[in-house]
*Asks:* 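Following this message is one structure expressed as structure tokens.
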Number of protein chains: 2
Amino acid sequence: MSALEQLIEALRRLPGIGQKSAQRMAYHLLQHDRAGAQQLAQALQHASAVVGHCQRCHTFSEHALCPICSNAARDARLLCVVESPADQAAMERTGSYAGYYFVLQGRLSPLDGVRPQDIGVRELLERVSDGVVDEVILATSFTAEGEATAHVLAELLKNRGLRSTRLARGVPVGSELEYVDLGTIAHALVDRRAT
Amino acid sequence: MSALEQLIEALRRLPGIGQKSAQRMAYHLLQHDRAGAQQLAQALQHASAVVGHCQRCHTFSEHALCPICSNAARDARLLCVVESPADQAAMERTGSYAGYYFVLQGRLSPLDGVRPQDIGVRELLERVSDGVVDEVILATSFTAEGEATAHVLAELLKNRGLRSTRLARGVPVGSELEYVDLGTIAHALVDRRAT
């Protein structure tokens, strides 16, 4: 395989990149942006080498504790459980949450053989047993697997006498009712709140 | 900037990749495919180091002459002029062309300050003066700039007594006439051929 073909092959491993896009990227980098290719190669190697996981919440971190877990000013009574570092980042960008996080390694998926021990449920149960956490906010996805994961976690937490909550389901901000799917409207109706 | 942010930044330099896609790629590589990240880093460095340009046709090549220019069995009377190695690859994939190529470095664009000497027109005129090339097929894009480039090249070749042709314009294979743009239909009508 030529160096160009090897590059196209490697680019195809990126999520959402097929043969055509990989070709376009390879040609672009070699023809117009060799400095960009070097920068990307170095960033990949650097990140692979230094980015590990926070010992406490398991998000990506270059240090033993991530900046959030190292921040003593946050509310230790709240723990938000998400499926991935990307979900945690989205949550954090809202600026509306002041507690700590616990990042699972994905979500339960019995059909794919993903069991509680594979996504870090044991570590979560250890984490919540610190006597300080008072409410666990289950912020897994609103997909079948995310819901199932939240359900299993809620049961486990309940058995340990811990209170858990789930993010509200409802109509997304900025959407016109006409275009919202019916399941969402039905949930929003059930979960309606006093004005 | 953290290693993760540096990686996202570097991925954003890829064509067609915005902030969201770059984030998704970075998270994916770090969480699920560190081997892929290593492979990509190495492929980028290897390709940057070894891929140069063919001395004769200027396409990407790891050797002084690319495999096509080194192939003495092709038809030396035909020379196909394209805008980029990607265009040459597309041409070659058709399997319908047996001549040699000349790869320009882009197309003329007076507004962006891209002049004939910037895209290798002098080298093209040297290449066609070998006394063997008999027909130059202008396969630049069918955009305003590609057409202008073809026009300028046709004039220069004509002045040197060389015959040039242009790829046929017409209705794309597999398309329904109803959905083809009007300019294309108009051209296909003008260039209609006997059955």
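Chain letters run A, B, ... following the sequence lines, proteins first and then strands; every chain starts at 1. Just so it is clear, the values below take in all heavy atoms, side chains as well, and ignore hydrogens, waters and symmetry mates. What you see is a predicted model, and the numbers here were worked out from it, not measured in a lab.
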*Asks:* Sort A:Gln31 into side chain, backbone, both or neither according to what part of it lies under 4.5 angstrom from a heavy atom of chain B.
*Replies:* both

*Asks:* Using a 6.0 Å cut-off, check whether atom CG of A:Leu189 has over 12 heavy atoms from anything other than its own residue.
*Replies:* yes

*Asks:* According to a 4.5 Å side-chain heavy-atom criterion applied to Ile, Leu, Val, Met, Phe, Trp and Tyr, with indirect links allowed, do A:Val114 and A:Leu138 form part of one hydrophobic cluster?
*Replies:* yes

*Asks:* Among the clusters formed by ILVMFWY side chains lying less than 4.5 Å apart, do B:Leu108 and B:Leu124 turn up in the same one?
*Replies:* yes

*Asks:* Could you tell me whether A:His63 atom NE2 has more than 12 heavy atoms of other residues or ligands within 6.0 Å of it?
*Replies:* no

*Asks:* Answer with side chain, backbone, both or neither: which region of B:Leu14 has an atom nearer than 4.5 Å to a non-hydrogen atom of chain A?
*Replies:* side chain

*Asks:* For A:His151, does the NE2 atom sit with more than 12 other heavy atoms under 6.0 Å from it, leaving out its own atoms?
*Replies:* no

*Asks:* For the residue pair B:Ser48 and A:Ala37, what are the closest heavy atoms and their distance?
*Replies:* OG-CB, 3.7 Å

*Asks:* Side-chain contact, heavy-atom cut-off 4.5 Å: B:Arg34 with A:Val51?
*Replies:* yes

*Asks:* Provide the closest heavy-atom pair for B:His46 versus A:Ala3 in the form atom of the first, atom of the second, distance.
*Replies:* CD2-CB, 3.5 Å

*Asks:* By a 4.5 Å heavy-atom criterion (distance strictly below it), what part of A:Ser21 contacts chain B: side chain, backbone, both, or neither?
*Replies:* neither

*Asks:* Heavy-atom distances under 4.5 Å only: say whether A:Val50 touches chain B with side chain, backbone, both or neither.
*Replies:* side chain

*Asks:* For B:Ile17, is it the side chain, the backbone, both, or neither that has a heavy atom closer than 4.5 Å to a heavy atom of chain A?
*Replies:* side chain

*Asks:* A:Ala90 versus chain B, heavy atoms under 4.5 Å apart: side chain, backbone, both or neither?
*Replies:* neither

*Asks:* Which one of A:Ala26, A:Gly16, A:Ala41 has the most heavy-atom pairs closer than 4.5 Å to chain B?
*Replies:* A:Ala41

*Asks:* For B:Arg13 and A:His28, which heavy atoms make the closest approach, and how far apart are they?
*Replies:* O-NE2, 4.2 Å

*Asks:* Roughly how far apart are A:Leu40 CG and B:Gln45 CD, rounded to 0.5 Å?
*Replies:* 10.0 Å

*Asks:* Taking all non-hydrogen atoms of both residues into account, name the closest pair between B:Gln6 and A:Ala43 and its distance.
*Replies:* O-CB, 3.9 Å

*Asks:* For A:Phe60, is it the side chain, the backbone, both or neither that has a heavy atom under 4.5 Å from a heavy atom of chain B?
*Replies:* side chain

*Asks:* Identify whether B:Tyr97 and B:Val132 are in the same connected component of the hydrophobic contact network (ILVMFWY, side-chain heavy atoms under 4.5 Å).
*Replies:* no

*Asks:* Just verifying a value: how many Å separate B:Arg24 CZ and A:Ser84 OG, rounded to the nearest 0.5 Å?
*Replies:* 12.0 Å

*Asks:* Heavy-atom pairs under 4.5 Å with chain A - which of B:Ala89, B:Ala10, B:Ala49 has more of them than the others?
*Replies:* B:Ala10

*Asks:* Checking heavy atoms, do the side chain of A:Leu7, its backbone, both or neither come under 4.5 Å from chain B?
*Replies:* both

*Asks:* Indicate, with yes or no, if A:Val82 and B:Tyr27 share a hydrophobic cluster defined by side-chain heavy-atom contacts under 4.5 Å among Ile, Leu, Val, Met, Phe, Trp and Tyr.
*Replies:* no

*Asks:* Return the NE2 to CG distance between A:His53 and B:Leu30, rounded to the nearest 0.5 Å.
*Replies:* 8.0 Å

*Asks:* Flag yes if B:Ile119 and B:Leu125 sit in one hydrophobic cluster, no otherwise; membership is Ile, Leu, Val, Met, Phe, Trp, Tyr, and two members link when side-chain heavy atoms are under 4.5 Å apart.
*Replies:* yes

*Asks:* A:Leu29 versus chain B, heavy atoms under 4.5 Å apart: side chain, backbone, both or neither?
*Replies:* side chain

